[in-house]
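Working notes for the structure below.
Counting from 1, the numbers follow the sequence of the chain as shown. All values below were derived from every heavy atom in this structure, side-chain atoms included, with hydrogens, water molecules and symmetry-related copies excluded.
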Amino acid sequence: MGGKSTMAALFVILAANLLQSTYGRTYTVGDSTGWGIPANNNDDFYDDWADNKDFLVGDVLVFNFTNGQHNVVEVTEAGYDACNAANPVSTVSTGPARITLNRTGEYYFICGIPGHCSAGQKLNVEVRNGNTTGGVTPSTPVTPTTTTYTVGDSTGWRVPTNNDDFYEDWADNKHFVVGDVLVFNFTTGQHNVAEVTEDAYDDCNTANAISTLTTGPARITLNKTGDHYFICSVPGHCSAGQKLKVEVRTGNTTGGVAPSPPVTPSTTTFTVGDSTGWRVPTNDDFYEDWADHKHFVVGDVLVFNFTTGQHNVAEVTEDGYDDCNAANAISTLTTGPARITLNKTGDNYFICSVPGHCSAGQKLKVEVRTGNTTGGVAPSPPVTPSTTTFTVGDSTGWRVPTNNDDFYEDWADHKDFVVGDVLVFNFTTGQHNVAEVTEDGYDDCNAANAISTLTTGPARITLNRTGDHYFICSIPGHCSAGQKLKVEVRNGNRTSTSPTPGTPSAAAPGTSSSPGTNSASSHVATLSLVFFMSIAMTLFC
């Protein structure tokens with residue numbers, strides 16, 4: 001019996017490995033060390049890390065580093081050898097950075113900060129086609145023992161009320177380990193997160209901050225042991241208690257302290273206007289009617305879906321709301337979709353400050369209370385079950401196609417796009433962009449009067465109206481070479497078209513998402529798994 005059990009276990013392991021090998025893997029560069037200057041003058045640290053690993057097309061490299069202290073520059077072999085980033089293939093300056101290996105051959109990465117590459121912060125990987133062969137298990141970006149903490153829980157990151165020790169009390173008795181993530185929920189323009197030294201923490205001084213994040217919510221990965229110090233550098237905020245110290249150690253969490261979940265079960269995400277999104281309505285009372293009978297509580301999130309450059313979201317006072325006046329706005333978000341966390345009780349007022357929009361009905365008032373939602377009104381989901389996220393070009397991404405001007409036309413052919421679907425354009429910032437244009441602009445490859453232009457990749461665009469949508473890359477020569485896309489959008493549920501393989505939804509932060517695999521390989525993997533499991537069951541019996 002013992003021999004049969006052993007054989008069965010071996011078959012199950014082999015089947016699991018076969019199934020896993022059909023999907024791309026995610027590697028965290030340097031494992032828990034992350035992407036930095038190697039310690040102890042070990043110039044070969046990243047060379048040793050990559051040694052014996054089997055990288056395939058579709059695998060993802062995750063570079064964990066602190067913004068402002070490091071970056072990731074893809075260079076040529078000559079640039080790698082000379083530690084020269086003068087003519088980079090691409091540069092990513094925001095960490096953690098995710099780079100998909102989308103071709104075979106050698107890849108060369110360095111840190112472009114002076115002196116870092118020569119001190120060993122450089123990585124060379126060789127990528128091939130096919131399934132993994134050996135027994136090397138890739139590093140995962142977040143191990144099962146790491147945790148995501150929402151700083152301050154439902155209160156978020158703000159000046160605490162009548163309690164200077166609020167964030168000290170919040171951190172007390174929690175066990176932070178390397179790899180854990182802190183999420184600071186705050187309104188962009190009202191707060192920020194500055195990592196500072198101990199002295200600066202004590203003095204509330206950000207003159208020489210290690211790094212500062214100004215866009216909320218901000219995610220910071222704890223990538224070293226010891227004490228970490230964070231403050232808000234807006235004058236008066238730190239001295240009023242908006243400061244946090246955490247002690248980080250190596251190893252698994254211990255004890256019975258449950259980590260703070262990033263979103264508590266009682267909070268809800270509402271998509272303002274549902275499928276209509278945030279725009280000038282055809283009915284002045286549209287958003288008032290939308291909010292009617294909904295129960296908003298502290299911690300809930302409002303998602304405003306709008307096209308960047310056409311609309312914005314300004315939080316204003318009651319008088320500003322009544323007068324459609326954003327001159328003294330509390331905050332203004334200009335990039336869509338915009339997410340606003342309701343972090344205080346009472347009435348919250350939002351308008352679009354583009355001239356004429358608020359007076360035409362693009363305004364929203366919500367009443368927020370403390371406690372769980374009550375009654376039978378179901379909140380509007382941010383994405384309905386019938387909507388889909390499509391990755392434009394699948395694994396190719398958004399770039400000048402090779403020897404095929406019709407590549408994106410072929411990609412879109414036979415796909416069924418509906419209002420609410422999301423297009424994800426994967427491209428390297430600085431090398432490409434996405435401009436939404438008119439039909440004439442599309443035909444002429446002219447972005448002079450673009451409806452909107454997104455310059456940071458990956459770019460996410462929500463299809464918020466029916467009809468034809470036209471997108472081009474406005475970099476000279478790119479559109480005429482085929483980097484253009486037209487999609488036809490309709491209302492209603494999807495009828496028969498499956499979503500783009502590999503992109504049923506966005507991956508949660510800190511988790512790996514499998515690159516697309518074709519249906520044939522998926523069926524082979526499934527049948528193989530069934531075959532091996534059948535043998536295993538036979539051996540057990």
Show your reasoning for whether disulfide bond (SG atoms under 2.5 Å apart) applies to Cys479 and Cys445. CA-CA 6 Å; Cys479 172; Cys445 285; 2.1 Å; yes
Please verify the inter-ring angle class for Trp49 with Tyr27; under 30° counts as parallel, over 60° as perpendicular, anything in between as tilted. perpendicular
Salt bridge (Lys or Arg N to Asp or Glu O under 4.0 Å) with Glu74: which residues, sequence neighbours excluded? Arg103
Residues in side-chain hydrogen bond (donor to acceptor under 3.5 Å, both in side chains) contact with Glu409, at least two apart in sequence or another chain: none
For residues 81-97, which residue pairs qualify under salt bridge (Lys or Arg N to Asp or Glu O under 4.0 Å), counting only residues two or more places apart or in two chains? none
Exceeds 12 heavy-atom contacts within 6.0 angstrom, atom CG of Asp406: yes
Taken in chain and number order and not counting sequence neighbours, the residues that satisfy side-chain hydrogen bond (donor to acceptor under 3.5 Å, both in side chains) with Thr33 are none
Please round to the nearest 0.5 Å and tell me the distance separating atom OH of Tyr470 and atom OH of Tyr442. 8.0 Å
Those residues that, when tested against Cys111, pass disulfide (SG to SG under 2.5 Å) (two or more places apart): none
With rounding to the nearest 0.5 Å, note down the distance linking NZ in Lys122 to CD1 in Ile37. 13.5 Å
Among pairs that include at least one residue of residues 66-105, which meet ring pair (Phe, Tyr, Trp, His ring centres under 6.0 Å), considering only residues two or more places apart or in two chains? His70-His116, Tyr80-Tyr108
Please check this pair: side chain of Asp394 against backbone of Thr396, looking for a donor-acceptor N/O pair closer than 3.5 Å. no
Roughly how far, to the nearest 0.5 Å, is CG of Asp416 from CG of Asp421? 8.0 Å
